[in-house]
Every structure is written in C-alpha cells, then in structure tokens.
Visitor: 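My questions will all concern the structure given below.
Predicted, not measured: the structure shown is a model, and the values here were computed from it. Both ligands and their constituent atoms are indexed starting at 1 by order of listing.
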Amino acid sequence: MNVLVIGRGGREHTIIWSLKKSAKVNQVYCAPGNAGISQMATCIPYDELQFDALCKFAKENAIDLVIVGPEEPLFRGAVDAFEAAGIPAFGPNKDAAIIEGSKAFSKSLMKKYDIPTAQFAAFTEYEAALDYLHKQKAPIVIKADGLAAGKGVTVAQTMEEAEEALKQMMVEKSFGEAGNEVVIEECLFGQEMSILAFVDGETVRPMVPSQDHKPIFDGDKGPNTGGMGTYSPVPHIGQDVVDEAIQKVLIPAAKAMVAEGRHFKGVLYAGLMMTESGVKTIEFNCRFGDPETQVVLPRLESELVDVFQAVVEGTLHEVEMKWSEDAAVCVVLASEGYPGAYPKGKHIKGLDNVKDAVVFHAGTKWNEEQMTTAGGRVLGVTAKGATLAEAQQNAYKSLEHIHFDGMQFRKDIADKALLALK
Ligand code: AMP
Ligand code: GLY
C-alpha cells in the first residue's frame, strides 16, 4: 500500500512510525512533514489545506489510503475532498468534525443525548453573555466556540479574569471568527484522562487511556500549552472508571452523531474529568491527540494500517485490537518562551545517542545538514518500561543526551500517577 499522511507534528510522526512496522505498507508520503518524518517517509511540500494539490498528488502516486492528522483540514473538509476524488481517506467528514469544530455544537449534543458534562450556556451576543456571567460564581470557564489552536479556553479563577476573557473573545476578537459564539461553563475538579477511540458509525473501539499535561510548568503551573507530556496507562484511575467513560461518553457520542445524520468515522477523542459525581466530558476532538498518540500507538500490538482500513471500509466491528502491558511515557522538549513567542533555528544535538527511547519530532527542520528547531514543541521523547516508573526513568535518562539552546521540559511527567499509587 502507498500511504499519504497529512500533518507536520509529533502525532503524524508517531502514526508514520507505527504504520512502517507493517509489511503491507510500501511507500509513505507526508505533507508537509518535518525533519524527523523525512527520515522515514518522503515529505512533499504541500500544506495541510491545499486540498486540490493533495488530491492530484494522491492520484498521480497511486495512494491507497490518506490519513488526515490535524483538526483544521478535517473541519474544512479534507476527507470530503479526497472521497470526492475517489481516494480512500481516514478521518471524519466535515459534517462530523464539527464535534470538535464547534463547542456550542458538542455541548448541545451532550445535553440532548444525556452525555455527562459541565453545566453551560452558549451565547452569540456579548451583553447577554456578560449578563449570564454576572449571575455565576468564579472559578468559571470561558470557551471560544471555534478552533483556536488549543488556546480558546480560559479557566478563570476570578470574575475579573472571566470578564476579561469574554471581552477578548467577543469584543476584541482575539480568536477571530472562533469567538463569534462563546460557551460559559461550570468549572470541574478532578483528575483528567484522555480516551481515544476508533469509531465507525456506532462501532467504538477504544484505545488505552492516557493523561496529558497541559500547563507549561511542573505542578501544573503557568499557561496552557498543546501538551507537555503524556503517559499510558493511567494506573491510579481504575478500569471501572475507564469502562464508565466508554459506556457513558464514547459509545453514546458515536450513536448520537449517527442519530444526527453526522456519521463519525476516524478517531474520536474524549477529554474527561473524574469528578466526585462521576466521569464528565470536558471536550471532544475529532482526531488523535498530540502528544497522547506518542504513548498510545507504541502500545498497539495489532497493525495500525488494518484498523485504518477497517474504519474506512466500515468493518471496524470485525476488528479486535491487542495492546501491550508495557507502560509508555512521553516528555516534550519545547523551545524557550513557549507557549509565548519563541526563537527558531536552534541546532539540535545528540539525537543519535538516544538508545532506550524513540524521539518523535514535533517542530524540526533541516538547515543544510543540520537538524534545527522550528516550533514551540520541538521533540517528544517516548520510552517504554515494564512499569510506569521504569518508563519514566527511561524517558528522562534518554533525553539527557539531547540538547538545543533554551530547551525546556517538565520534570514531573507521570508523577501524578506514581504519587497516587504510593
Ligand atoms: P481544551 O482546550 O478544551 O482542551 O481545554 C483545555 C483545558 O482546560 C482542559 O484540558 C482542562 O484542563 C481545562 N478545562 C476545560 N474545561 C474545563 C472545565 N469545565 N472545568 C475545569 N477545567 C476545564
Ligand atoms: N493533547 C491535547 C490535544 O491533542 O488536543
């Protein structure tokens, strides 16, 4: 099979690394990819939204399967474009990607189908939103409706902070059109967990659970990022709770989408909070998580390409997936200043000395013969181990070999689980 993966981050690098384990997979292309991806696939110079050029490339190069990684092309209809050109594509259609593309949509879906989530109200008028806000108490959560590259959520600790976030979104339009509508939501408390599932209509095949670390600094301090590290499994959260999430959140969501005429196929990602009153849904994403993928796919023992094909062909109900008992930990190495402004073009050294981990590239670029930084999140170092503690040790030992100017990373990835188990 010839495969084309769309995207340029650690998620796409991991998908390609996993696909390459299969003897069935012949040529792998990536658009546009990054320096790390170019070491295992042919990178082609199209960006994720150049649908016409990508369809033409796929036809000319006998591509058998396209995998769309990020949310933006999905929400803008990438899979619809490939399908219209007769090219099999993995990912939800535009109509189904709205589950991530509009928070007002996903919140009303949850309400209509009794999927547990935080209390909320949605507004298109600033005055009405402000009025509602003043009847609530802090802490409170303000969310831009549309895609905002992971920055559209403010967990406001004070009423002033909430007012400011609302004004930024609705009056100053900091997130452009994404802020035309806002969701004001009750603040939930508890441990977070991500469950990603392959979905094809009403069939749901959950992957192993993982936990992300969104804030930039140790101890969950500082502003939110795209994710600074992950681990899987999540041993301090019991299988009964994982099962509850699958039964009460993921399966009903897949069914609800079918009932709405928005048949979802691809990866459905549930961001969950384990509250005192049970599992609640924080959000749905319409794709693999980044960096959740970096710890989930390394634990998959079945062939990823078979699962992709089953979803595309509508035969997921015939698929059983096998998962390794090993634990995996991914530590993200980020540029100085991230998630704010950061420099690019810093020389990355020592990658060849890493032995007990896989390094997935998130933001790297060749400059002549040199590997350099090209993003906020630069690398994800994933290590496995028989236990979570061992995986954590392997990841941190391995990253000692790697260096670039200003490199920052969290030193406490997986500590939450390890402390809870003590
Ligand atoms: P999102 O961009 O939707 O992934 O949200 C970013 C982060 O904001 C989540 O991972 C949570 O940590 C936090 N968050 C979102 N909604 C809530 C909520 N209702 N209560 C508490 N925290 C939340
Ligand atoms: N790691 C969070 C996300 O992919 O949305």
Side-chain angles (χ1 to χ4, degrees), residues 7 9-12 14-15 69-72 74-75 97 99-107 110 116-122 136-157 161-162 165 169 175 178-179 182-196 207 209-216 220-232 267-277 279-297 330-332 334 339 360 362 376-377 380 410 413 416:
R11 163 182 50 212
E12 288 75 25
T14 314
I15 291 171
E71 62 277 16
E72 174 130 27
L74 289 166
F75 189 52
I99 198 163
E100 173 168 4
S102 167
K103 290 201 187 333
F105 171 86
S106 69
K107 291 297 290 189
M110 289 186 251
T117 189
Q119 296 288 337
F120 76 102
Q136 312 302 311
K137 282 202 199 83
I140 188 142
V141 183
I142 315 286
K143 300 184 169 183
D145 172 60
L147 296 179
K151 301 197 178 93
V153 174
T154 301
V155 181
Q157 296 306 327
E161 213 185 313
M169 283 174 205
F175 303 107
V182 299
V183 168
I184 300 179
E185 181 173 289
E186 163 202 8
C187 190
L188 301 173
F189 300 93
Q191 287 265 353
E192 282 186 56
M193 169 170 71
S194 307
I195 302 183
L196 285 56
M207 299 179 228
S210 57
Q211 192 181 62
D212 193 5
H213 298 66
K214 295 244 165 81
I216 183 76
D220 287 341
K221 302 276 185 331
N224 269 347
T225 67
M228 291 300 291
T230 38
Y231 61 93
S232 174
V267 171
L268 183 61
Y269 164 140
L272 303 159
M273 188 84 89
M274 313 305 118
T275 72
E276 276 178 357
S277 52
V279 171
K280 299 245 165 113
T281 316
I282 297 173
E283 59 167 347
F284 286 115
N285 293 326
C286 66
R287 49 163 176 91
F288 281 104
D290 190 338
E292 283 89 343
T293 310
Q294 287 88 317
V295 291
V296 170
L297 289 185
C330 173
V331 182
V332 169
F360 295 117
R377 292 190 292 176
R410 278 184 61 159
I413 304 301
K416 253 184 225 158

Visitor: Heavy-atom contacts with K143 under 4.0 Å: which atoms of ligand 1 show up? List them by number with element.
Guide: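 Every atom of ligand 1 under 4.0 Å from some heavy atom of K143: 15 (C), 16 (N).
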Visitor: Does G289 have a non-hydrogen atom less than 4.0 Å from ligand 2?
Guide: yes
Visitor: What heavy-atom pair brings V295 and S210 nearest, and what distance separates the two atoms?
Guide: CG2-CB, 4.0 Å
Visitor: Return the closest protein heavy atom for atom 15 (C) of ligand 1 as residue, atom name and distance.
Guide: I282 CG2, 3.3 Å
Visitor: Below 4.0 angstrom from a heavy atom of D212, which ligand 2 atoms are there? Numbered from 1 as shown, please.
Guide: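 Under 4.0 Å from D212, ligand 2 has these atoms: 1 (N), 2 (C).
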Visitor: Using a strict 4.0 Å cut-off to heavy atoms of G226, name the atoms of ligand 2 that fall inside it.
Guide: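 Counting atoms of ligand 2 from 1, those under 4.0 Å from G226 are 1 (N), 2 (C).
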Visitor: Measure the distance from atom 4 (O) of ligand 1 to every protein heavy atom, then report the residue, atom name and distance (to 0.1 Å) of the closest one.
Guide: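 Looking at atom 4 (O) of ligand 1, the protein heavy atom closest to it is E283 OE2, 2.6 Å.
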Visitor: Check the pair K103 / E185 against salt bridge (Lys or Arg N to Asp or Glu O under 4.0 Å), numbers first and verdict last.
Guide: CA-CA 11 Å; K103 290 201 187 333; E185 181 173 289; over 6 Å; no
Visitor: Does T281 reach the main-chain N or O of E283 with its side chain, forming a donor-acceptor pair under 3.5 Å?
Guide: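 Side chain of T281 to backbone of E283, a donor-acceptor pair under 3.5 Å: no, none is there.
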Visitor: Which one of N285, D290, N224 has a non-hydrogen atom at the shortest distance from atom 4 (O) of ligand 2?
Guide: D290
Visitor: Would you confirm whether T225, through its side chain, and G227, through its main-chain N or O, come within 3.5 Å as a donor-acceptor pair?
Guide: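 Such a contact is found between T225 side chain and G227 backbone.
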Visitor: If the threshold is 4.0 Å, N to carboxylate O, is there a salt bridge linking K214 and D220?
Guide: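 No, this pair does not count.
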Visitor: Test of understanding: given a 4.0 Å heavy-atom threshold, classify the contact between E292 and ligand 2 as side chain, backbone, both, or neither.
Guide: side chain
Visitor: Do you know which two heavy atoms are closest between M169 and G152, and how far apart they sit?
Guide: CE-O, 3.5 Å
Visitor: Is it the case that Q211 and Q191 place a side-chain donor and acceptor less than 3.5 Å from each other?
Guide: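 Their side chains do contain a donor-acceptor pair, which is all the 3.5 Å distance test asks for.
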Visitor: Between L147 and A178, what is the shortest heavy-atom contact and its length?
Guide: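 So the two residues come closest at O-CB, 3.4 Å.
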Visitor: Once you restrict to heavy atoms under 4.0 Å, what part of E283 touches ligand 2? Side chain, backbone, both or neither.
Guide: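 Contact part for E283 vs ligand 2: neither.
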Visitor: So, does G271 sit close enough to ligand 1 that a heavy atom of it is under 4.0 Å from the ligand?
Guide: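 Judged by the 4.0 Å heavy-atom criterion, G271 does not count as contacting ligand 1.
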Visitor: Need the ligand 2 atom indices (1-based, order shown) with element for anything under 4.0 Å from a heavy-atom of K214.
Guide: 2 (C)
Visitor: Considering only heavy atoms, does N224 approach ligand 1 within less than 4.0 Å through its side chain, its backbone, both, or neither?
Guide: side chain
Visitor: Quick one: do E292 and R11 make a salt bridge, cutoff under 4.0 Å?
Guide: no
Visitor: With a cut-off of 4.0 Å, which atoms of ligand 1 are near a heavy atom of E185?
Guide: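 Result: 16 (N), 17 (C), 18 (C), 19 (N).
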Visitor: Any side-chain to backbone donor/acceptor pair from Q157 onto P139? Under 3.5 Å, distance only.
Guide: no
Visitor: Just to check, does F288 reach to within less than 4.0 Å of ligand 2 when the distance is taken from its heavy atoms?
Guide: no
Visitor: Can you give me the closest heavy-atom contact between K280 and T117, atom names plus distance?
Guide: CD-O, 3.6 Å
Visitor: Could you identify the single nearest non-hydrogen protein atom to atom 2 (O) of ligand 1 and state the distance to 0.1 Å?
Guide: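 The protein heavy atom lying closest is V153 CG2, 3.4 Å.
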Visitor: Contact between R287 and ligand 2, counting heavy atoms under 4.0 Å?
Guide: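 Contact present.
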Visitor: Ligand 1 versus V141, non-hydrogen atoms closer than 4.0 Å: side chain, backbone, both, neither?
Guide: side chain
Visitor: Can you list the ligand 1 atoms lying under 4.0 Å from a non-hydrogen atom of E192?
Guide: 9 (C), 10 (O), 11 (C), 12 (O)
Visitor: Answer yes or no: is there a donor N or O on one side and an acceptor on the other, between the side chain of T230 and the main chain of D212, under 3.5 Å?
Guide: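 No.
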Visitor: Students should be able to answer this: which protein heavy-atom is nearest to atom 20 (N) of ligand 1, and at what distance?
Guide: L188 N, 2.8 Å
Visitor: Can you tell which part of M273 has a heavy atom less than 4.0 Å from ligand 1: side chain, backbone, both or neither?
Guide: side chain
Visitor: Could you find the nearest protein heavy atom to atom 13 (C) of ligand 1 and give me its residue, atom name and distance?
Guide: V155 CG2, 3.8 Å
Visitor: For ligand 1, note which part of K103 has a heavy atom under 4.0 Å away: side chain, backbone, both or neither.
Guide: side chain
Visitor: Just by modelled atom types, is the Q119 backbone N or O under 3.5 Å from a matching donor or acceptor in the E186 side chain?
Guide: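 Yes: the side chain of E186 pairs with the backbone of Q119.
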